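So the structure is just underneath, and the comments pick up after that.
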Amino acid sequence: MNRMIRKMIRPFWRMSGPIRRPLVSRFDEHVLGLLRQSQPPMPPGPPADLDLVLNSVVRELARLRAQVETLQSQMDSLESSDRDHDNECDACRLSVVADIG
């Protein structure tokens, strides 16, 4: 049903192109003009809270780095304890991606 309706409407849509395109472009220009008028001007320079945001990003980065170092040391200690216990199965051991390849 939809296919039949599309086949009937498609030629009319194509024929209306020379009339439709200029109207749509005028409407787009009008809407863009209204949007430009309604937007407040952008203040020059960086925002006032940029230092606060950057400080929080640096603080979060330091926290994540410390957490990664802690996890790495825990993995190293687990690997060293696994090496000490040779009787454990290989599937029970913790592996690192670099060790697999």
Side-chain angles (χ1 to χ4, degrees):
M1 183 72 180
N2 285 339
R3 188 182 307 165
M4 192 168 66
I5 293 173
R6 286 181 186 162
K7 282 185 179 180
M8 290 174 22
I9 292 176
R10 188 171 290 144
F12 293 114
W13 181 257
R14 287 182 183 159
M15 286 190 308
S16 69
I19 297 169
R20 181 176 28 90
R21 285 186 203 111
L23 292 175
V24 169
S25 66
R26 283 186 195 166
F27 178 74
D28 286 343
E29 289 173 8
H30 179 71
V31 169
L32 287 175
L34 290 175
L35 288 174
R36 285 186 196 119
Q37 291 174 358
S38 67
Q39 291 178 349
M42 294 296 291
D49 58 349
L50 182 64
D51 287 336
L52 179 65
V53 170
L54 289 177
N55 286 338
S56 65
V57 167
V58 169
R59 195 176 313 119
E60 183 68 14
L61 181 63
R63 186 188 69 78
L64 288 174
R65 181 179 290 168
Q67 190 174 11
V68 166
E69 289 173 357
T70 303
L71 289 172
Q72 185 65 42
S73 66
Q74 288 176 356
M75 285 178 56
D76 291 342
S77 67
L78 282 174
E79 285 178 351
S80 65
S81 67
D82 282 348
R83 287 185 198 129
D84 294 339
H85 299 96
D86 290 334
N87 56 357
E88 292 183 16
C89 66
D90 287 339
C92 300
R93 291 188 356 190
L94 184 65
S95 65
V96 180
V97 176
D99 294 342
I100 294 172

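Keep in mind the model is a prediction, meaning the values are calculated, not measured. Just so it is clear, the values below take in all heavy atoms, side chains as well, and ignore hydrogens, waters and symmetry mates. Residue numbers start at 1 and run along the sequence shown.
For the atom pair R14 CZ and R20 CZ, the distance stands at 11.0 Å (nearest 0.5 Å). Taking CG of D76 as the reference point, atom CD of Q74 lies at 10.0 Å (rounded to 0.5 Å). Going from atom CG of L78 over to atom OG of S73 covers 9.5 Å, rounded to the nearest 0.5 Å. Here the CD1-CG distance, from I9 to N2, works out to 9.5 Å after rounding to the nearest 0.5 Å. Expressed to the nearest 0.5 Å, how far OG of S80 lies from CE of M75 amounts to 12.0 Å. In this structure, CD on Q67 lies 5.5 Å from CZ on R63, to the nearest 0.5 angstrom.
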Sequence neighbours excluded and cut-off under 3.5 Å, please list the side-chain donor-acceptor pairs for residues 30-37, or say none.
none

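Results of the side-chain contact (heavy atoms from CB on, under 4.5 Å) test with I5 over R3, M1, M8 single out M1 as the only residue that passes.
Residues forming a salt bridge (charged side-chain N to carboxylate O under 4.0 Å, His left out) with E69 (at least two apart in sequence, or on another chain): none.
Closest approach of G17 and P22 over heavy atoms only: O-CD, 4.2 Å.
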